[in-house]
Each structure stands twice: as C-alpha cells, then as structure tokens.
Protein chains: 2
Amino acid sequence: MSQPSAPRKTTGRPPRISREEVIEKARRIVTEEGVDRLTMRRLATEIGSTPMALYHHVRDKEELLVLLLDDHTARTLHRPELPDDPRERVVASAAAIHEVLAACPWIVEVLTADDLMSASALWFVEQMVDGLVECGLTPEQAVHGYRAIWYYTAGEITVRTAAARRRAGDDRATYRERVFADLDPGELPRLTQVADQWASLTAENTYLAGLRALVNGLLAPGTP
Amino acid sequence: MSQPSAPRKTTGRPPRISREEVIEKARRIVTEEGVDRLTMRRLATEIGSTPMALYHHVRDKEELLVLLLDDHTARTLHRPELPDDPRERVVASAAAIHEVLAACPWIVEVLTADDLMSASALWFVEQMVDGLVECGLTPEQAVHGYRAIWYYTAGEITVRTAAARRRAGDDRATYRERVFADLDPGELPRLTQVADQWASLTAENTYLAGLRALVNGLLAPGTP
DNA sequence: ACCTGAACACCGTTCAAGT
DNA sequence: ACCTGAACACCGTTCAAGT
C-alpha cells in the first residue's frame, strides 16, 4: 500500500515532516494511550506541527488508520514455518493472522473497513486458499472457505475486544449477570443449567478449537 | 432489558417526554438517515427538546444504542417454527438471528459491545445450546460451540456491512482491485488464479453454507 | 511544495438554575 | 422530578494566505 517514497522533486519548499514520521507518532499514541486518543489535533501537537500539515501526508483520518494497520502487520506478521499437511497449513495461517490482530485490538475499527486486510497478509490468504484446494476443494469453494475463516476470525477479535472494553468500563459488565440471574428455568433450561459457568466458559480462549471445527466442516463432505 | 415502566410517582413535575418517545424518534433517525446522523443534539431537536432532557431518560448515548438494539430485536425477531432435527434447529436459530441483524447493519457498532446480544435473543441461544447438547456435546462444549457460531455470525455482519459502506464511499473500493492487479503470480499463484472471480465470489451470500460447515465441524468427532 | 491561522460546523456531557 | 441555558472541552476538515 505505502508506495516506496517517490523520487523527490527538488522544487518547492522542503518538507518538515514525513509520512513515516506521521505514522510513527500515530503508532506511539495508539499503543501507549489507545486508539480513542488518536486525533488529528493531538497527533499534530505531538509532531510539533498543525493539524492541517498532516493532510499533506495522509488523505484523511481513515487513510491514516489503514496505514497504521499496514505498518503494524508489516512489523509483526512474519512468515512462519508452516506445516506440510495442507489442513494444518490452513489452520496455522489463520492462527498467525489472528495472533497479530489480537495483539493490537484497536485495529478492529479498521479491519472492518476492508474484507481483505493489509497487503502484508496476502501471503497468508494464499496459503489458506492453496491449502483448501490441496485438500480437495475447487478454487471457488476455497475462496468461500477462506471468507468463512475470515468472518470467524474477525468476529472473534471484535467480540473479544468489546468484552475487554466492557470489563474496563464501569458497571455495564453486570448486564450479563443481571440477565442470567433472571432466567426462567422453565423456558430456558439449558441456559439456566450453564448460567454459573457462563462467565468462566466465555473467558476461555477457544479461537483455535472453533477454527479447527470450521476448517474440518469446510473440508468434510456436506451433510445434506 | 427495558424494565416495564415503573409505577409512576405522583410527586414532581410531570414528564414532557418519555423513554419510549426517545427510542422511537431515535429509531426513525437511524433507519431513515443512518446511525452516523444519530446525535444527542439532533435527537433533541427532533423531539422538540434540549439535549440535556434526554439524559433524564437514558444514561448516555451508549445506553441509547443498546436500547435501540433491544427495541429492534423485540420488534423483528419472532420465534419461528424450528425444525425437529437438533442440528437443523441450531442452524435455523443462528440464521434467524443473522437475518435480523443483517437487516439493520447499523447495529454492528452496538453488537460488538456485548457478547450476548439483546435479551430478546436469549430464546435462540437456548435453542442453539440445546440443539448442540442433543447432538451429543456436553453443556460446556455446547456453550463454546454457540460462541463459535456467534463469532462467525458477528464477523459476517461486520465484514459485510463494512464492504457495503466502502462501496457507498468514493473510491476506496478500488483498493482491492489495485492489490489484485499487482499480484505476483510466482509468489501468489492461487490468488492470481482466482483474481478475476474474487469480486463476484465475495459478493455471494455464503453465510448459510459457512454456518453449516461450522456446525458440522462442531458436531463431528475431532480430527486430532 | 509545504505549512500556518483562523474558521466552519459540529460533537457528548456537566453544572447551576428554573418550574 | 423534570427540563433549560450556557458552558466545557473537544472533534475532522476546508479555505485563504504565507514562505
């Protein structure tokens, strides 16, 4: 996405700040204080400039966030040794992307902005589609399979992030408890049965187990 | 969630506006103009009141959005005839929730705010957990299975909504095309192979197919 | 070409006062 | 108890001018 800094024209006023500096300072604000604190004004003062100077280096705030996601994935998404078994390759690729995104949950606001995330992740998408094809799916089925995996992964990050944010917040965390305390055992027997364990069960990280189930289901012959 | 209007005290100034009116007007703004246009100030003028009057009926804007979600599900999520087969019951329950949420995509911002959505949906959660148990899962496994389904469903809505928003926006839609035009066939052969079909493949609604795969995978004996 | 200052058109929420 | 007015502490972005 970020084009390799174009051959600089020698005419005109020399730039005081660079796109790289903008991204770097933005990254620091986001990691140290949270994405809510990243405003164009705050970023400008951090850089020692004015809000409008930023608009010469990024189109608008949304582009800045996309650049930030790109920066983060390029920085942390390294290609791992993938298993030979194609099914395991699919699982490992999805898990690698998940890990990188889970490590910077602020990205949720941006990742929802595009259906394939940053270009740095394309190699992993390739591995997933290829693994699914090697397991016997058609290329079309494999693309649909990849998308199902992406839905699942994006959803897990989104919901997990929201849950964490809620826990950080004041008392809205008690909403679930109130609901579960008022269950009608006659109408909702299963939920009543698991009510006590709900909190601990949903605190568990089950991303990988669910991912395996999904991949297995995608590869199994359909149950019509 | 919305407690059945408490027995009104007869002391004090009679209310000019009600919580119901606040929610109703908010719903109209959101459905007619989009969730971005719902601001406390705009809502107040719509009601013919002041911003601060709203704060006597809702705690803050976030609570208003949650109430709006509650209102929407109560209004549109009707209990359907569910299949007898437990596996199909799980699929049908998830699909029912998905349908209601997909019909009002603005809800995404709120649904990420809680891991179990509105109380009106509890009956469907019960059906899913119960169906999974009837298929042979333990109650604990069934809760985890429900959560996987919820991740998948929430992710599908989120990504689909983002894609639609992007399409509505100016030119950011071309980002994907640019990426796919620049693919290196040597490094990313599968993606190169499907590049032409990507747009049409991802435009297809594959929620149900992916859901079936996930449910099948959750119910199949694990592949260790 | 790059940056600045001032302004536009907004936000959510708090506080003190009125009825 | 309910509502109002004014204010606080912000936003992203545009426009016209400066170097």
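Per chain, numbering begins at 1; letters A, B, ... match sequence-line order.
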Trainee: Looking only at heavy atoms, which two atoms of B:D60 and B:M40 are closest? And how far apart?
Mentor: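 Of all heavy-atom pairs spanning B:D60 and B:M40, the closest is C-CE, 4.5 Å.
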Trainee: With respect to the side chain of B:R16, which nucleotide from D:dC3, D:dG12, D:dT14 is positioned closest?
Mentor: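 Selected nucleotide: D:dC3.
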Trainee: Begin with the C-alpha distance, continue with both residues' side-chain angles, and end with the deciding distance and a verdict on salt bridge (Lys or Arg N to Asp or Glu O under 4.0 Å) for A:E33 and A:R42.
Mentor: CA-CA 12 Å; A:E33 305 180 41; A:R42 171 99 167 69; 2.3 Å; yes
Trainee: Of the listed nucleotides (C:dT14, D:dC8, D:dG12), which one gets closest to any side-chain atom of A:R41?
Mentor: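 My answer, after comparing the listed nucleotides, is D:dG12.
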Trainee: Calculate the interatomic distance between A:E63 atom CD and D:dT13 atom C1'; express it in whole Å.
Mentor: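 To the nearest whole Å, that distance equals 15 Å.
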Trainee: B:T39 side chain N/O closer than 4.0 Å to the phosphate oxygens (OP1, OP2) of C:dC11?
Mentor: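 Checking C:dC11 against B:T39, a side-chain N or O does come within under 4.0 Å of OP1 or OP2.
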Trainee: Within a radius of less than 6.0 Å around CD of B:E46, do more than 12 heavy atoms belonging to other residues, nucleotides or ligands occur?
Mentor: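 Counting other residues, nucleotides and ligands, CD of B:E46 exceeds 12 neighbours.
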Trainee: What's the closest nucleotide to the B:D60 side chain, out of C:dG5, C:dT13, C:dT14?
Mentor: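 Nucleotide nearest to B:D60's side chain: C:dT13.
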Trainee: What pair of heavy atoms forms the shortest contact from B:V90 to B:L132, and how long is it?
Mentor: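 Where B:V90 meets B:L132 most closely, the heavy atoms are CG2-N, 3.7 Å.
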Trainee: Let me know the distance between NZ of B:K61 and P of C:dC10, rounded to the nearest Å.
Mentor: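 Result: 14 Å.
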Trainee: Quickly work out the A:L54 CG to D:dT14 C1' distance and round it to whole Å.
Mentor: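 Result: 15 Å.
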Trainee: In whole angstrom, give the distance that lies between atom CE of B:M40 and atom P of C:dC10.
Mentor: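 Interatomic distance, CE of B:M40 to P of C:dC10: 18 Å.
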Trainee: Within less than 4.0 Å of OP1 or OP2 of C:dC2, is there a side-chain N or O belonging to A:H57?
Mentor: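 Indeed not, no polar side-chain atom of A:H57 lies that close.
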Trainee: Counting heavy atoms from C-beta on, name the nucleotide in D:dG5, D:dG12, C:dT4 closest to the side chain of A:M52.
Mentor: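 So the nucleotide nearest the side chain must be C:dT4.
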Trainee: With respect to the side chain of A:H56, which nucleotide from D:dG12, C:dC3, D:dA7 is positioned closest?
Mentor: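 Looking only at side-chain atoms, A:H56 lies closest to C:dC3.
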Trainee: Is B:Y55 close enough to C:dT14 that one of its side-chain N or O atoms is under 4.0 Å from OP1 or OP2 there?
Mentor: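 Answer no for this pair, as no side-chain N or O of B:Y55 is under 4.0 Å from OP1 or OP2.
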Trainee: Using a cut-off of strictly less than 4.0 Å, decide whether A:S49 has a side-chain nitrogen or oxygen near OP1 or OP2 of C:dT4.
Mentor: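 For C:dT4, OP1/OP2 do have a side-chain N/O of A:S49 under 4.0 Å.
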Trainee: Round to the nearest Å and state the distance from A:D36 atom CG to C:dG12 atom P.
Mentor: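 In whole Å, C:dG12 P lies 15 Å from A:D36 CG.
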Trainee: Pick the P atom in D:dA9 and in C:dA9, then give their distance to the nearest Å.
Mentor: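 My reading of the P atoms in D:dA9 and C:dA9 gives 24 Å.
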Trainee: Could you check how far CG of A:L43 sits from C1' of D:dC11, rounded to whole Å?
Mentor: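 These atoms are roughly 14 Å apart.
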Trainee: Considering only heavy atoms from C-beta outward, does the side chain of A:V35 approach that of A:L65 to under 4.5 Å?
Mentor: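 In contact.
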